[in-house]
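One structure is given here, and the rest of the page talks about it.
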Amino acid sequence: MPLKTATQTALQNNPDLRRTERAIAVAEENLKSARGQKGFSVSATGSGNFSKTEGSEESESLSAGLNGSIPLYSGKKLESQIKSAELGIDIAKFDYAQAKDDLVYKVVSAYVDALENLATSKVDLETESNLSDHEKNIAALYDAGAKAKIDYLRARVETSNAMQDAAKSHAAYEVALANLATLMSLPGISNLTVEDIATSSELGELENYISSAEENRNNLKADALKVEQGELNVTVAKSGWKPSISANAGVGLDSRSRVWHITPDATAGVSANWNIFDGGVTRAEVESAKIELDRLQLALKSDLDSVHESVVTAYKNLKIALMRVQTTQRAAELAEEERYIATEKYNAGEGILLDILDAEVALSTAKKNHVSAKYDVARYRFDLAHATGNTLAVVK
C-alpha cells in the first residue's frame with residue numbers, strides 16, 4: 001500500500017476524525033440557536049376555571065392568548081452571542097483541519113516505522129545468512145580436523161543469536177503494521193505491505209519554517225478565534241449591567257358559558273427590564289469571563305511556544321540526519337570490505353574466528369545505522385512538515 005493510499009484510507013475510515021468533523025454540525029446548530037434569540041418569538045397561553053359555591057350557580061371560564069415579542073436592545077448580549085457562535089463554526093473547522101493533519105502525521109510516522117523495521121529485519125536476515133554460511137564452512141573444516149571445536153560451537157551460538165535478532169526485528173515490523181492498520185481502521189494486517197518512499201535532501205532556512213508554522217498551523221488559528229470568543233463573552237457578561245428592551249403584541253380569546261369571542265383590548269407596546277441589583281451575580285460573571293479570556297490568551301502563547309519548539313527540534317534533527325546518511329553509507333562500505341578480508345584470511349588459515357564475528361557485527365551495525373539515518377531523514381522531514389502545518393501538502 002503506497003503512503004498516499006494509506007493516508008487517504010485513514011482520512012476516510014478513522015472514527016476519531018469523523019467524530020471531530022461532527023463538531024462542525026453542532027457549531028452550525030448553535031449559530032441557528034443564537035440567531036433565533038434575536039428573532040421574533042410567539043408564545044401561547046391558556047387557562048380554565050370552574051367554580052361553584054353553596055347557594056349559587058356553577059360558573060366556568062376559559063381564556064387563551066397569543067403573545068409575540070422581538071428584542072430591540074440587549075446591551076450587545078445577543079449580537080455578541082451570534083458573533084461567538086459564528087466564530088465557533090470557524091473554530092470547529094480549524095480543529096477538524098488540525099485533526100486531519102495530525103492523523104496524516106500519525107499514519108506517516110507508523111508507515112516510516114514499518115519501513116525502518118522492515119529494512120532492519122532484512123539486515124538481520126542477511127547477518128543470519130552470513131553467519132549460517134560461516135557455521136557450515138567451519139563445520140566442514142572441523143569435521144576435516146582443520147579447526148577446533150570451540151570455533152564450531154561459537155559459530156553455532158552466533159548464528160542462533162542472529163536468528164533471535166531477525167525474529168525480533170520482524171515482530172517489530174508487524175507491530176508497526178498493526179499500528180498502521182488501526183489508524184486506517186482496517187481489521188488486520190493480512191496482505192498489508194509498505195513500499196519505500198523518497199524524501200528530499202533539501203533544507204531551507206529555519207526562520208522560513210517558523211514563519212510558515214505561525215501562518216499555517218490550524219490549532220494556532222483556532223486559539224486566536226477562541227481569544228476573540230473570550231472577548232465576546234466578557235461583553236455578554238457585562239450586558240447584565242444594561243437594560244433589555246423588547247417590543248411585544250398580544251391578542252386574547254376568552255369564553256364564559258362556552259361562548260368564545262375576541263377581546264377588544266388587544267395589546268401592543270414596548271417593555272424594558274433593568275436589573276438594578278442582583279447580589280453581585282453579574283460582577284462575578286464578568287470577572288469569570290475576564291479570567292477565562294486571560295486563560296485563553298495564555299493558551300495561545302503556550303501553543304505558539306510549543307510550535308516554535310517543535311519546528312526547531314525537527315529542523316535540527318533533520319539537519320543531523322542528512323549528514324548521517326552520507327557517513328553511515330561510507331561506514332557500511334568499509335565494513336563490507338573488512339568482512340571480506342576477515343573471511344578470506346580465516347579460510348586461508350591466517351585469521352581467527354573472532355575477526356570474522358567482529359567484522360559481521362561491525363557490518364550489521366553499520367548497515368543498521370545507515371537504515372536508521374535514511375528513515376530518520378524521512379521521519380524528521382515529516383516532523384518538520386507537521387510542525388509547520390504542511391503534512392497534507394507533503395504527502396500529496
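The salt bridge (charged side-chain N to carboxylate O under 4.0 Å, His left out) contacts involving residues 325-338 comprise Arg330-Glu333, Glu336-Arg339, Glu336-Lys367, where partners must be two or more places apart or lie in separate chains.
In this structure, a donor-acceptor pair under 3.5 Å is absent between the side chains of Asn13 and Thr9. A donor-acceptor contact closer than 3.5 angstrom is absent between the side chains of Asp165 and Thr127. No donor-acceptor contact under 3.5 angstrom links the side chains of Gln229 and Asn233, judged on distance only. In summary, the side chains of Glu360 and His134 do present a donor paired with an acceptor at a separation below 3.5 Å, with no hydrogens or angles considered.
Ring planes of Tyr105 and His386: parallel class, angle under 30° (limits at 30 and 60°).
Annotation for Asn117 and Ala172: closest pair ND2-O, 3.4 Å, computed over non-hydrogen atoms. When every heavy atom of Ala110 is checked against every heavy atom of Leu183, the shortest pair comes out as CB-CD1, 4.1 Å.
Here Asp303 does not pair with Lys226 in a salt bridge; the nearest charged N to carboxylate O distance is not below 4.0 Å. Under 4.0 Å is where a charged nitrogen must lie from a carboxylate oxygen, and between Lys38 and Glu79 at least one such pair does. For the pair Arg379 and Asp376, the salt-bridge criterion is met [side-chain N within less than 4.0 Å of a carboxylate O].
Checked options His170, Gln164, Lys168, Lys368; the residue passing with Asp124 is Lys368 (criterion: side chain to side chain donor-acceptor pair (under 3.5 Å)). Screening Ser271, Ser43, Ser69 against Asn248 for a side chain to side chain donor-acceptor pair (under 3.5 Å) leaves a single residue, Ser271.
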